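Have a look at the structure below, then the notes.
Keep in mind it's a predicted model, so treat the numbers as computed, not measured. Naming convention: chains lettered A, B, ... in sequence-line order (proteins, then strands); numbering from 1 in each chain.
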Amino acid sequence: MTELDVETLRRCRRVDPAALGMLYDCYRRPVYYLARRMVGEAEAEDVCQETFIAVFRAVAKFEGKSKLSTWVLAVATRVCLMHLRKRRRLDTAAEPADASEAEPMTLLSPSHELLNKEFLKRLADAMDRLPENQRMAVSLRSFEEMSYEEIARAMNCRLEQVRATLFRARCRLLKFMEGY
Amino acid sequence: MSTRASEHHAPQEWSAYLDGELPAARRNAMREHLRECPSCAAILRSFEAVQHGAEQLAQQPTPAQPQLRTRLVAVGAAMIAQSRSRQRWLLWLGAFLAIAILAGLAAAWWRAATQPRTTMSAFAASKVRVTLDRVLITRYFVEPPSLEYEVTIHNGDARPLEIIRVIVSDPLGEKERSVAAALRVEPGQTLQRVFSRPVGENAQLRPGRYRILLETSDGRLVDEKVVP
């Protein structure tokens, strides 16, 4: 994921519309992707709008303690969670003790040509079936430069939780794609 | 946790290995293990497939909406401008309040420092004065000796003079001492009074400055006498 340079960020704070446009262009794709994964196609655009409004509102207060992309995605994460809560779809119940650890792992066929169109479609469907926190972790991890620490900051959880959540999510994805 | 290359590794570890979130030594040992363990390699390959697949999904183009972009940028610019304007206004307000408070404090200090205390000379214009006529130590048989201040208070003003407190000071060791209170001198009246305070059995009138101060509702009246 490309990062906005410091000068453009400074121009954003000085209310330069061109710089704000660059900020939008830079982070729209990851924000939209995260939104689509989390709340679905229909509401993704709304989440995207709300995220950028929140980002524009707070950009002057951004202190640079984290990467701008991490900060923007953390804002997007919060907006997604807000939408999910509004729809009363947020599953706040504790996950069962890691079932995937007890069960034998599902593995993909080594002979199969991976990452083709069909595989991606099935994977997207499988991701939609993940619990929200796992979907969130996998989606955030999909952006190459998001480390566990950055994901933990965005999701407001501990680093160990990110590690465990990602593992569970991957096991579950493999299970959903059994037979592929 | 063992780092021997021949040992199997838990699937959780392969997940963290894939993400590059393991210490270098552990990572190297696991890399060595991969060469000789097809089952662990299969686990890693499966994790890699879903991870790379998710990354590819994240790279897919999103619908471009130039109108939305224009609208959002306009709204964002307006919001930032409004926020900055509010911040600037608050800054000015804060600065103004700080200056006003400082100015008020400075004015109060200046007034306190420069305001002339109303003394006998100030009262002289309104014909009110106090005169310390004599200072002496008196000894009686039954009472302890006392230092006495014989004072004349003249009120030439049209208003009554309300004396709230009388304070004396002397070189006998006492700095200031309140000796009487609540005394009223009518307009045109001249009052002679003795104010006294007890002193030790062997006390003598020492040379020095003896002072009397009358605190009134309008200010202070002071007189003093130097005993050679």
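Under a cut-off of 6.0 angstrom, the local environment of CZ in B/R159 is sparse, with at most 12 non-hydrogen atoms contributed by other residues, nucleotides or ligands. Crowding of A/E149 atom CD: a count of heavy atoms from other residues, nucleotides or ligands under 6.0 Å not exceeding 12.
Ranked by heavy-atom pairs under 4.5 Å with chain B, the first of A/A126, A/A169, A/G21, A/A58 is A/G21.
The structure places NE2 of B/H52 at 12.0 Å from CG of A/L123, a figure rounded to the nearest 0.5 Å. Rounded to the nearest 0.5 Å, atoms OG (A/S139) and CG (B/L57) are 9.0 Å apart. Note that OG of A/S142 is 9.5 Å distant from CD of B/Q59, once rounded to the nearest 0.5 Å. Atom CE of A/M177 and atom OG of B/S46 lie 10.0 Å apart (nearest 0.5 Å). Atom CD of B/E55 sits about 11.5 Å away from atom CG of A/L120, to the nearest 0.5 Å. Considering CD of B/Q12 and CZ of A/R170, their distance stands at 12.0 Å, rounded to 0.5 Å.
Contact of the A/F52 side chain with the B/V75 side chain is not registered, since no non-hydrogen atoms from C-beta on lie closer than 4.5 Å. A/M127 has its side chain out of reach of B/V50: every pair of non-hydrogen atoms, C-beta onward, lies at least 4.5 Å apart.
When heavy atoms are compared at a cutoff of 4.5 Å, B/L44 does not approach chain A at all. If you measure heavy-atom distances from B/E21 to chain A, the contacts under 4.5 Å come from both the backbone and the side chain. Using a 4.5 Å cut-off between heavy atoms, A/V59 touches chain B through its side chain atoms alone. Interface remark: A/D16 contributes no atoms to any contact with chain B (heavy atom separation under 4.5 Å).
Here the closest non-hydrogen pair linking B/L68 and A/Y24 is CD2-OH, 3.8 Å. Scanning both residues, B/A58 and A/R29, for their nearest heavy atoms gives O-NH1, 2.5 Å.
At distances below 3.5 Å, not a single donor-acceptor pair connects side-chain atoms of B/R69 with backbone N or O atoms of A/D25.
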* Test B/D19 against A/R163 for salt bridge (Lys or Arg N to Asp or Glu O under 4.0 Å), laying out the working first. => CA-CA 9 Å; B/D19 295 327; A/R163 181 192 297 264; over 6 Å; no
* Could you walk me through whether A/F167 and B/F47 pass the side-chain contact (heavy atoms from CB on, under 4.5 Å) check? -> CA-CA 9 Å; A/F167 168 67; B/F47 281 157; 3.7 Å; yes
